[in-house]
Asks: 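I have a structure I would like to understand better, so I am pasting it below and will then ask my questions one at a time.
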Amino acid sequence: MDSPRTARRRRDAASLVTLGALLAGSVTVVTAGPATAADTLLSQGKTATASSTEGAAFTASAAVDGDLTGTRWASQWTDSQWLQVDLGRSADISRVVLTWEAAYGKAYHIQLSDNGTTWRTARTVTDGDGGTDDLTVTGTGRYVRLQGVTRATGYGYSLWEFQVYGAESGQPAPGGAVRVSGSQGDWQLTVGGQPYTVKGLTWGPAVADAGRYLPDVKSMGVNTIRTWGTDGGTEPLLDAAAAQGIRVINGFWLQPGGGPGSGGCVNYVTDTTYKNTALNEFARWVETYKSHPATLMWNVGNESVLGLQNCYSGAELEAQRNAYTSFVNDVARRIHGIDPDHPVTSTDAWTGAWPYYKRNAPDLDLYSMNSYGDICGVQEDWEEGGYTKPYLITEAGPAGEWEVPDDANGVPDEPTDVQKAEGYTKAWNCVTRHDGVALGATLFHYGVEHDFGGVWFNLVPDGLKRLSYYAVKRAYTGTAGNDNTPPVISDMTVSPASSAPAGGEFTVRADVRDPDGDPIAYKVFLSGNYASGDKRLVEARWRSTGNGTFAVTAPEKLGVWKVYLQAEDGRGNAGIETESVKVVAPPVTGTNVALNKPTTASSFQPSYGDCPCEPAKATDGRTDTRWASDWSDPQWIRVDLGSATPVRRIQLVWDPAYARSYEVQVSDDGTTWRTVHTTADGNGDVDTVDVAATARHVRLHLTARGTGWGYSLHEFGIYS
């Protein structure tokens, strides 16, 4: 099989914070004509509740029963009373009609809510005069409430009827079948018989937070979210999505999912236990959620055709890929037998997987593809491959870590915020260009984690909206409206980029502007992803030096770090730009008299990882080699300087396997030692120790390890 057009690595997403976006309006009563054809009466017969009733004959339900003169709701005789109706799912509200009895409201609010707890005011009436109030209302919500402020009479509030008009946020009625219809090159997805283009995002936050975030997702013009796993914890997400009129592509995970770098090798040729277990588990959740109004389709697996290369090679890899895609077909056939009303697809990371699906998975209704920098090449590959099924793009966005060139420090050069936003625009344009074949996309990623991967891909890291957020909104709605948008950072530089001294300062400079003229607050973060594998962003020690420049304290650990400049506008938006910085050992004046001198040790590792790690590698002047000891205490390493030599400074460049306690010792004869420095609180990284001695031999006597490994030194520098 040819190499994939683009290899890709696994991306992780986690959930951290909340978003909020409430809009309030205040207007006075106007009289409107009868409901237009676009309006639907949504409230009649729905569940209604109230703060109080005047008696058993005047319940809240009487205000939504359709009887304009025979039944009514009446409250107790105080001002702050309310009546609310649960529409059952989110709706775009256009009108509210209140038919008052003689006890009417002089002042009141019409309020909307997504959850029945947090309310936003859509209309305010201050001069009500009874009769019929026919109010134009603009907003979205599942719950609609009349909140009384001031009564017009000495009685309570009394309504013959409380009527809410609008449309159900594009959500097809429960039971509306989802179909892939049409013919070669002229397909479309339909929901309940109506055309449906997937305008989606992959979903990152915790299921428990779905009610917080999905209203914001809805506001972006999103009609679909994609998940990677479906189980007993999925229902709250589906419920929250349905309340917003959002559909869900329910995923099923198969090993080795996630493409290159993923774990969990399965033998699809022989492991019938794994396949039967997965098949039965998937069938269980299809049965459970097939009738849920949020279910759009089922997606079996994620990038496993590509990921199998981590487990097998040669002819065996080919056999496994055929067996995997044949199993995907078994799953698709089983799902269709349970749920004939929702399509089945399968996602992979490269179009090189499609020949396997074409050959082995005829029961798939459509293919799915994750593609980033090469998104526009998918159409070409589809056309050249002679495929007879449409496809979805299930992940897309800016070029990923695996696709960009390396920077001067040898790590992937992350796109700027502007380039990332352009990446989403490009992706959507490439999808819509393949009309009749590409049925939409779920762009990557509505995630909120604020770490290495989160800053690269997330639209709302730490709840802050990026330029990419607004690019997706513009793609899906055609406009960003009057949105306040993030600060824009350009021309970010780091100096010195390749020689920042550990523990010293380096300079960050950037041009920052805010399109809306908002004041900007700055933060600077560091990530050790390339230095230590730690993907977290940790706030750096820094100070502003004016004119868009910042002095940042470098970490103690050597290696290439990412430095992030974050500019916030105080309105929930942020620009985030990043460059790399290479942290090196602080320069030491004088001569390194240990360089290439005879070096011995109590032990060394002959083979483990990058070993052999002989003692001489600690005095070869290179930070990419190391000495490593056995995994026990105590150990020692010593250097013969050849003759009595003044020693005034020692620099120890530790590998992660460092010494917590050690002594620096010197000797004239290599037998009798005297201690010139002792520490019991070493923390690794770089230790620069001042000493005052003259000796021929210098030894580190290592008494307590800082890790479970042995001791490991990149450099044992002795300066005269």
Side-chain angles (χ1 to χ4, degrees), residues 20-36 38-44 46 48-54 58-64 68-69 71-87 90-167 215 219 481-482:
L22 300 179
L23 174 66
S26 178
V27 292
T28 56
V29 178
V30 296
T31 302
T36 66
D39 289 333
T40 300
L41 178 58
L42 304 174
S43 54
Q44 190 163 309
K46 298 297 173 61
T49 54
S51 53
S52 66
T53 61
E54 189 178 356
F58 307 107
T59 62
S61 61
V64 293
L68 281 171
T69 59
T71 59
R72 63 186 175 96
W73 164 70
S75 76
Q76 293 181 357
W77 297 4
T78 59
D79 281 327
S80 185
Q81 300 290 334
W82 54 261
L83 171 74
Q84 72 183 50
V85 59
D86 178 359
L87 303 178
S90 182
D92 296 321
I93 309 303
S94 58
R95 298 168 61 235
V96 174
V97 180
L98 296 86
T99 305
W100 294 103
E101 197 253 353
Y104 64 93
K106 182 178 180 182
Y108 58 87
H109 302 300
I110 300 298
Q111 298 177 321
L112 308 178
S113 174
D114 302 312
N115 54 21
T117 303
T118 303
W119 296 88
R120 51 195 178 271
T121 298
R123 286 293 298 259
T124 294
V125 173
T126 58
D127 56 356
D129 57 2
T132 299
D133 291 345
D134 194 333
L135 310 174
T136 299
V137 173
T138 301
T140 301
R142 172 175 172 171
Y143 301 84
V144 183
R145 179 168 74 174
L146 162 71
Q147 175 62 64
V149 176
T150 306
R151 294 166 293 148
T153 71
Y155 304 105
Y157 301 92
S158 182
L159 277 173
W160 291 111
E161 201 69 10
F162 182 47
Q163 296 170 305
V164 179
Y165 290 87
S219 76
N482 296 317

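All of these numbers come straight from a predicted model, not from anything done at the bench. Count residues from 1 along the sequence.
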Asks: Any side-chain to backbone donor/acceptor pair from Tyr157 onto Thr150? Under 3.5 Å, distance only.
Replies: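 Side chain of Tyr157 to backbone of Thr150: a pair is present.
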
Asks: Please name the pair of heavy atoms, one in Ala107 and one in Thr126, separated by the smallest distance, quoted to 0.1 Å.
Replies: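 Nearest heavy atoms, Ala107 then Thr126: CB-CA, 4.1 Å.
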
Asks: Just wondering, do Val137 and Val144 contact through their side chains at under 4.5 Å, heavy atoms?
Replies: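 With C-beta onward as the side chain, the pair stays apart.
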
Asks: For Trp100, what residues pass the ring-ring contact (aromatic ring centres under 6.0 Å, His included) criterion, not counting sequence neighbours?
Replies: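 So Trp100 forms a ring-ring contact (aromatic ring centres under 6.0 Å, His included) with Tyr108.
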
Asks: Compare every heavy atom of Ala91 with every heavy atom of Leu42, then report the nearest pair and how far apart it is.
Replies: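 Heavy-atom minimum between the residues: CD1-CB, 3.5 Å.
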
Asks: Give, for atom CD of Glu161 and atom OG1 of Thr69, the distance between the pair rounded to the nearest 0.5 Å.
Replies: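 If we round to the nearest 0.5 Å, Glu161:CD and Thr69:OG1 are 10.0 Å apart.
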
Asks: Could you pull out all residues at least two apart from Ala50 that satisfy side chain to side chain contact (heavy atoms under 4.5 Å, CB included)?
Replies: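 So Ala50 forms a side chain to side chain contact (heavy atoms under 4.5 Å, CB included) with Ala60, Trp73, Leu83.
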
Asks: Hey, does the side chain of Thr99 reach the backbone of Leu68 with a donor-acceptor pair shorter than 3.5 angstrom?
Replies: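 Flag not set: sc Thr99 to bb Leu68 has no pair under 3.5 Å.
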
Asks: Please tell me if the side chains of Lys46 and Val85 come closer than 4.5 Å, counting only heavy atoms from C-beta onward.
Replies: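 A side-chain contact exists here, since the closest heavy-atom pair is under 4.5 Å.
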
Asks: Could you list the residues that satisfy side chain to side chain contact (heavy atoms under 4.5 Å, CB included) with Arg145, not counting sequence neighbours?
Replies: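 Scan of Arg145 (side chain to side chain contact (heavy atoms under 4.5 Å, CB included), adjacent residues dropped) gives Trp82, Gln84, Gln111, Trp119, Gln147.
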
Asks: So do Arg95 and Asp134 actually touch side chain to side chain, heavy atoms under 4.5 Å?
Replies: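 Contact flag for Asp134/Arg95 side chains = yes.
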
Asks: Considering all heavy atoms of both residues, which atom of Tyr155 and which atom of Ala103 are nearest to each other, and what is their separation?
Replies: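 Heavy-atom minimum between the residues: CB-CB, 3.9 Å.
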
Asks: Is any side-chain heavy atom of Leu112 less than 4.5 Å from a side-chain heavy atom of Thr140?
Replies: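 No. Closest side-chain heavy atoms not under 4.5 Å.
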
Asks: Not counting sequence neighbours, which residues clear side chain to side chain contact (heavy atoms under 4.5 Å, CB included) with Thr78? List them please.
Replies: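 Thr78 satisfies side chain to side chain contact (heavy atoms under 4.5 Å, CB included) with Gln81 only.
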
Asks: What are the two closest non-hydrogen atoms of Ser158 and Ala74, and how far apart are they?
Replies: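 Heavy-atom minimum between the residues: OG-CB, 4.0 Å.
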
Asks: Which heavy-atom pair separates Ala48 from Val64 by the least distance, and what is that distance?
Replies: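 In terms of heavy atoms, the two residues are closest at CB-CG2, 3.9 Å.
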
Asks: Using 0.5 Å steps for rounding, measure from the CG atom of Leu135 to the CZ atom of Arg123.
Replies: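 Between atom CG of Leu135 and atom CZ of Arg123 there are 5.0 Å.
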
Asks: Could you grab the distance from atom CH2 of Trp160 to atom OG1 of Thr132, nearest 0.5 Å is fine?
Replies: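 Answer rounded to 0.5 Å: 12.0 Å.
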
Asks: Under 3.5 Å, is there a donor-acceptor pair between the side chain of Ser113 and the main chain of Thr118?
Replies: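 Here the side-chain-to-backbone pair exists.
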
Asks: Using a strict threshold of under 4.0 Å (side-chain N to carboxylate O), is an ion pair present between Lys106 and Asp79?
Replies: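 No.
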
Asks: Could you check whether any side-chain heavy atom of Leu87 comes within less than 4.5 Å of a side-chain heavy atom of Ile93, counting everything from C-beta outward?
Replies: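 The answer is yes, as the side chains (C-beta and beyond) meet within the 4.5 Å cut-off.
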
Asks: Name all residues meeting the salt bridge (charged side-chain N to carboxylate O under 4.0 Å, His left out) criterion together with Glu101; count only those two or more places apart in sequence or in a different chain, and write none if there are none.
Replies: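 Salt bridge (charged side-chain N to carboxylate O under 4.0 Å, His left out) list for Glu101, sorted by chain: Arg72.
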
Asks: With a 4.5 Å cut-off on side-chain heavy atoms, are Leu98 and Tyr104 touching?
Replies: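 Of all side-chain heavy-atom pairs linking Leu98 with Tyr104, none is under 4.5 Å.
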
Asks: Holding to salt bridge (charged side-chain N to carboxylate O under 4.0 Å, His left out), I want the full list of residues that pass it with Asp86, two or more places apart in sequence or in another chain.
Replies: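 Partners of Asp86 by the salt bridge (charged side-chain N to carboxylate O under 4.0 Å, His left out) criterion, ordered by chain and then number, come out as Arg142.
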
